[in-house]
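The next block holds one structure in the form of structure tokens; read it before the comments.
When reading the values below, keep in mind they use all heavy atoms of this one structure, side chains included, and skip hydrogens, waters and symmetry mates.
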Amino acid sequence: MSRIYIGDVKNVKLDSVVELCGWVQYVRDFGKVVFFVIKDRTGIIQCYTSTQSEELLELVKKLSMDDVVRVRGTVKRRPEDQINPNMETGDIEIEVENFEVLNPCAPLPYDVNGEPSEFTKLKYRYVDIRHGELLTNLKTRSVASSVIRNYLSRNGFWEIETPYLTKYTPGGARNFVVPVRQQPGYFYALAESPQIFKQMLMISGIDRYFQFARCFRDEDLRADRQPEFTQVDIEASFVTEENIYDLVEGMMQQLFREVLGVQVETPFPRMTYDEAMSLYGSDKPDLRFQMTINDYTDNFSASKFNAFRNVIDRGGVVKGLYWNKPLDRSALKVLDQASSGSGNKFLFVSKSVNGLLTNGPKSVLTEETWLEDGTYVFAAGDKWDVLPFLGELRLALGEYLGLLDDDEYKFVWVTSRPMFEIAEDGSLQAAHHPFTMPDITSIDEIRKNPLKVRARAYDIVLNGVEIGGGSIRIHKADLQRVVFEILGLSSEQIEERFGFFLDALSYGAPPHGGIALGFDRLVMLLCGADSLRQVIVFPKTKSGTCPLTGAPARLFASQRQELLPIFKQVIEEGG
RNA sequence: GGAGCUGUGGUGUAGUGGCCUAACAUGCCUGCCUGUCACGCAGGAGAUCGCGAGUUCGACUCUCGUCAGCUCCGCCA
């Protein structure tokens with residue numbers, strides 16, 4: 001006989017003898033009879049021992065929480081009146097024949113039934129995983145990755161690993177750098193994504209590739225951002241947008257069916273970036289509720305409400321949200337909360353048979369006879385300030401009205417972003433990345449008016465969260481060179497930074513495209529978690545430290561000696 | 001880089017310019033209990049109130065600084 005999982009005990013015949021390994025959860029000592037509950041990753045079960053063996057009884061009394069034990073005993077049905085309906089194994093228990101403490105556990109550093117600070121839990125992450133929801137989340141994560149691997153393999157994709165130690169890529173995220181002992185003054189960069197390599201694989205004739213790629217970015221962290229995270233990186237040759245959409249929609253369908261038992265409708269709706277912004281005030285619209293942003297510029301163009309009319313006279317717009325029921329002050333309060341700190345103001349008007357409730361001038365607004373019963377939230381100003389602001393208010397209102405259903409999954413493709421946007425310093429920068437194919441028929445088009453050009457890029461959005469993005473790539477060296485030039489790179493810079501890449505494009509690059517899915521975020525949504533830290537096994541704190549290991553750390557003396565020449569070289573090169 | 005919130009026995013919280021020799025719960029230690037199920041009961045140990053400076057007759061409490069954690073903005077193609 002050998003050890004079985006606790007979760008399998010319910011499938012074993014009564015009165016058979018089983019061997020279980022796990023952690024002691026609770027000990028309930030009644031002097032002459034002692035109960036203790038043990039747990040492994042599959043479940044929990046109650047064990048008991050009584051006076052049939054005084055020796056055993058004495059040993060069991062000494063157990064404490066999270067001692068690691070091996071228990072051998074008989075599966076017994078509990079007395080009828082002792083069945084615990086709150087326990088999956090509440091109708092049975094193990095009568096202990098013998099047991100062994102494999103390793104006693106020191107008193108736990110925190111109360112596992114309470115809610116210790118996140119820092120404490122990170123410091124003792126293994127305790128948290130053992131006792132919390134993390135165990136379930138990690139299982140979900142494992143199932144998700146296996147579903148995705150199978151799906152992609154079945155569709156002819158090869159899993160290939162690309163280097164993490166690579167060359168610094170300018171623009172985009174800040175890279176982590178790694179000093180190279182053998183070449184003082186030279187550094188690797190940790191890959192912020194496998195972008196260049198996956199294109200190289202297409203040029204290599206791999207045709208279909210995927211990878212669970214770790215990506216590293218040295219930027220400030222958020223609840224949904226870690227310095228290292230995992231992307232499902234996918235690239236294919238001779239494809240169009242439609243092929244990528246089909247592939248990913250099939251994958252999501254399979255994933256949600258196998259992980260959650262949820263049937264996802266395909267194809268996913270699509271909207272352009274402009275539609276998403278003007279209707280939802282966001283490039284990642286949450287389509288779980290259909291409230292959209294409307295234009296009220298005409299309604300207010302002759303209004304006595306000067307604040308709005310003046311904005312319109314200066315070329316601004318008035319946009320707003322409408323809900324067909326009147327709302328009270330608590331809604332206004334929620335919106336105030338949502339807009340505080342944004343620097344934008346909104347006008348709240350709730351109209352009913354009882355009159356107007358508003359945070360604006362009531363007498364003036366009463367004259368706006370076109371207002372219907374229900375609630376309006378208006379904002380006026382420059383279109384590109386007003387839309388994102390109303391986008392925020394829309395979400396706050398949706399949440400307040402209880403329109404965000406956690407069990408609903410609304411996917412949408414957002415397409416046709418502008419190829420370039422204007423950076424703060426006035427220069428142009430790539431809105432997606434500089435390897436994205438512009439939607440043009442001739443190179444002249446992009447040279448003449450780059451800001452008008454759209455990118456053949458697409459984002460996949462689920463319930464207002466961007467879970468992935470990709471594009472058809474540039475596969476011709478001359479077009480790629482022009483894009484670099486528009487981004488302000490000199491020919492010398494292009495040569496130094498991307499010479500090898502332009503070479504590759506000129507040596508038989510096939511048309512290709514792909515997508516990268518944020519695996520951590522995807523798992524977060526599958527688990528219903530609200531922070532990445534709940535689906536990443538050993539995450540870092542907001543300032544990038546690891547409370548468990550104490551990373552990052554200072555160098556040892558011996559390491560300092562070895563690395564000294566490297567930093568000497570850096571200092572000599574100057575700033 | 002900016003804004004906000006938080007920091008009190010191992011853990012989670014309470015507290016207020018003197019009432020604090022710092023409270024409660026849980027955990028820990030000792031003892032009692034034959035059917036509990038986060039068992040119960042009795043007793044006990046455990047904290048220079050994140051750190052530093054200042055104001056004050058007096059600071060856990062007020063002020064400034066600093067450190068750490070969290071949320072948001074910037075940033076993250």
Side-chain angles (χ1 to χ4, degrees), chain A residues 25-38 44-52 54 57 61-62 64-66 76 78-87 89-91 93 95 105-124 127-128 131 169-175 192-193 195-196 215-227 229 337-338 340-343 388 392 417-421 423-424 427-436 455 457 459 466 469-471 483 487 516 518 530-531 533 540-545 547:
Chain A
Q25 293 301 287
Y26 305 104
V27 183
R28 293 186 280 269
D29 179 355
F30 291 85
K32 295 284 180 350
V33 60
V34 180
F35 300 93
F36 61 100
V37 174
I38 59 169
I44 62 173
I45 194 162
Q46 173 168 283
C47 308
Y48 78 98
T49 185
S50 187
T51 46
Q52 39 300 37
E54 291 287 353
L57 195 63
K61 278 169 177 286
K62 295 203 178 88
S64 59
M65 196 183 249
D66 273 23
K76 293 282 187 190
R78 291 196 191 185
E80 276 314 311
D81 58 333
Q82 298 297 330
I83 289 171
N84 182 351
N86 300 322
M87 230 170 129
T89 55
D91 56 334
E93 57 190 351
E95 185 182 270
C105 180
L108 292 175
Y110 65 87
D111 182 0
V112 293
N113 295 312
E115 280 176 32
S117 71
E118 192 144 14
F119 184 84
T120 305
K121 288 201 283 186
L122 284 178
K123 187 167 176 185
Y124 304 99
V127 175
D128 193 25
H131 288 271
T169 47
R174 196 178 289 121
N175 291 126
E192 61 179 83
S193 85
Q195 184 61 36
I196 294 265
C215 302
F216 304 90
R217 294 180 188 175
D218 185 9
E219 295 292 345
D220 285 5
L221 308 179
R222 283 288 173 12
D224 61 349
R225 253 193 256 160
Q226 282 275 308
F229 59 96
Q337 189 69 33
S340 68
S342 76
E392 292 292 319
R417 256 174 198 282
M419 180 83 185
F420 302 101
E421 44 191 37
E424 259 179 46
S427 69
L428 289 184
Q429 65 180 34
H432 185 59
H433 61 52
F435 314 109
T436 302
D459 286 343
E466 184 196 320
S471 61
V483 170
L487 290 172
D530 47 24
S531 163
R533 292 187 293 268
K540 305 209 169 28
T541 66
K542 202 205 124 125
S543 55
T545 63

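Residue Arg225(A) places a side-chain atom within donor-acceptor reach of the base of rC75(B), judged by atom type and a 3.5 Å distance cut-off alone.
Rounded to whole Å, the separation between the C1' atoms of rA25(B) and rG35(B) comes to 27 Å. Between rU6(B) and rA22(B), the two P atoms lie 25 Å apart (nearest whole Å). Spacing of C1' atoms, rU61(B) relative to rA14(B), comes out at 14 Å, to the nearest Å.
With values rounded to the nearest 0.5 angstrom, Phe30(A) atom CZ is found 12.5 Å from Leu57(A) atom CG.
Using a 4.0 Å heavy-atom distance criterion, Arg533(A) is classed as a sugar-phosphate-only contact. Within 4.0 Å of Thr436(A), counting heavy atoms only, lies no atom of the nucleic acid at all.
Under the Watson-Crick or G-U wobble criterion, with both distances below 3.5 Å, rC70(B) is paired with rG4(B).
Within 6.0 Å of atom CD in Glu95(A), more than 12 heavy atoms from other residues, nucleotides or ligands are found, so the atom counts as buried in its surroundings.
Tyr124(A) places its OH atom 15 Å from the C1' atom of rG69(B), with the value rounded to the nearest Å. Lys540(A) has its NZ atom 13 Å from the P atom of rC70(B), to the nearest Å. Straight-line distance from the NZ atom of Lys542(A) to the P atom of rU6(B): 17 Å, rounded to whole Å. In this structure, Asp220(A) places its CG atom 14 Å from C1' of rC70(B), rounding to the nearest Å.
Residues Arg174(A) and Glu219(A) are paired through a salt bridge, judged by an N-O separation under 4.0 Å between the basic side chain and the carboxylate.
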Just by protein heavy atoms under 4.0 Å, how would nucleotides 26-37 of chain B read 5' to 3' in B, S and -?
S------BBBBB
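Residues Ser543(A) and Gln195(A) both approach RNA chain B. Their nearest nucleotides, taken by heavy-atom distance, put Ser543(A) toward the 5′ side. Where Arg217(A) and Leu122(A) meet RNA chain B, the nucleotide closest to each residue was compared, and Leu122(A) sits on the side nearer the 5' end.
Checking the phosphate oxygens (OP1, OP2) of rG69(B), a side-chain nitrogen or oxygen of Thr545(A) falls inside 4.0 Å.
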